[in-house]
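Written below as structure tokens is the structure these notes are about.
Both backbone and side-chain heavy atoms feed into the values below; hydrogens, waters and symmetry mates do not.
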Amino acid sequence: VLTTPSKPTLGVGMIGYAFMGRAHSQAWRNARSYFDVPAAPSLVAVAGRNEAAARDTADRFGWAGVETDWRRLLERDDIDIIDIGTPGDTHAEIAVAALEAGKHVLCEKPLCLTPEEARDVQAAVSEAGVTLMCAHNQLFMPAVAKAKELIETGVLGTGYGVRTADSFRNGFAPGHM
């Protein structure tokens, strides 16, 4: 578990150990390398139904513990933030429960699948008074931050629409994206 002596820590509980859980684990582990964070993330525990797979993710990325029931993370006092990296049809249920438990929540996309789920999540975050963020991680990329600045300052004039495309330097052919 990485610590920064001059900064407070925030305990993170990761729900999900497969691709997105691993991607988010890597991001938590390296956040301080890219950003001047006000508090250092402490990788407290990862939760997943398959204990062996969750243990593998914990060992690989430096999580201190493993739970096989995600609800156990919500009961822990050493966890401040719940990161949801599970299949999309579970996001709203987990987010509402975490918010009701007073945890800050970072949720992978999609946050909700229906307007009813969105209303439930909105009510839970309003009642809890904690932070909820959907993982639109590109918001923090330097090029995106610069584009936002140019739009907000009026340099680009009045915007009526935006179309974006992702491109990756990893062998993907543009025709297959």
Tell me whether [X] shares a hydrophobic cluster with [Y], the cluster being built from Ile, Leu, Val, Met, Phe, Trp, Tyr side chains joined at under 4.5 Å.
| X | Y | value |
| --- | --- | --- |
| Ile94 | Phe19 | no |
| Met133 | Trp28 | yes |
| Val37 | Phe61 | yes |

If you count every heavy atom of other residues, nucleotides or ligands that lies below 6.0 Å from [X] atom [atom1], does the total exceed 12?
| X | atom1 | value |
| --- | --- | --- |
| Lys148 | NZ | no |
| Glu127 | CD | no |
| Glu51 | CD | no |

Nearest-0.5 Å distance that lies between atom [atom1] in [X] and atom [atom2] in [Y]:
| X | Y | atom1 | atom2 | answer |
| --- | --- | --- | --- | --- |
| Ile81 | Leu106 | CD1 | CG | 8.0 Å |
| Thr9 | Lys7 | OG1 | NZ | 12.5 Å |
| Asp56 | Tyr17 | CG | OH | 10.5 Å |
| His24 | Leu43 | NE2 | CG | 13.5 Å |
| Asp89 | Thr114 | CG | OG1 | 11.5 Å |
| Asp78 | Leu73 | CG | CG | 9.0 Å |

Which atom of [X] lies closest to which atom of [Y], heavy atoms considered:
| X | Y | value |
| --- | --- | --- |
| Val66 | Ala45 | N-CB, 4.5 Å |
| Arg76 | Arg72 | CG-O, 3.2 Å |
| Met14 | Gly85 | CE-N, 3.5 Å |
| Gly48 | Ala54 | N-CB, 4.2 Å |
| Val121 | Cys112 | CG2-SG, 3.8 Å |
| Cys134 | Lys109 | SG-CG, 3.7 Å |

If you define the side chain from C-beta out and look only at heavy atoms, does anything of [X] sit under 4.5 Å from [Y]?
| X | Y | value |
| --- | --- | --- |
| Leu111 | Leu132 | yes |
| Ile84 | Glu108 | no |
| Val44 | Val12 | no |
| Val125 | Gln122 | yes |
| Pro41 | Arg32 | yes |
| Val130 | Val105 | no |

Full working for salt bridge (Lys or Arg N to Asp or Glu O under 4.0 Å) between Arg71 and Glu93: CA-CA 11 Å; Arg71 292 166 190 85; Glu93 174 192 0; 3.7 Å; yes

Residues Glu149 and Thr153: side-chain donor-acceptor under 3.5 angstrom: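 Side chains of Glu149 and Thr153: no pair found under 3.5 Å.
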
Short side-chain donor-acceptor distance under 3.5 Å, Ser25 and Trp63: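 Per modelled atom types, Trp63 and Ser25 side chains form a pair under 3.5 Å.
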
Under 3.5 Å: donor-acceptor pair, side chain of His91, backbone of Pro110: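 Present.
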
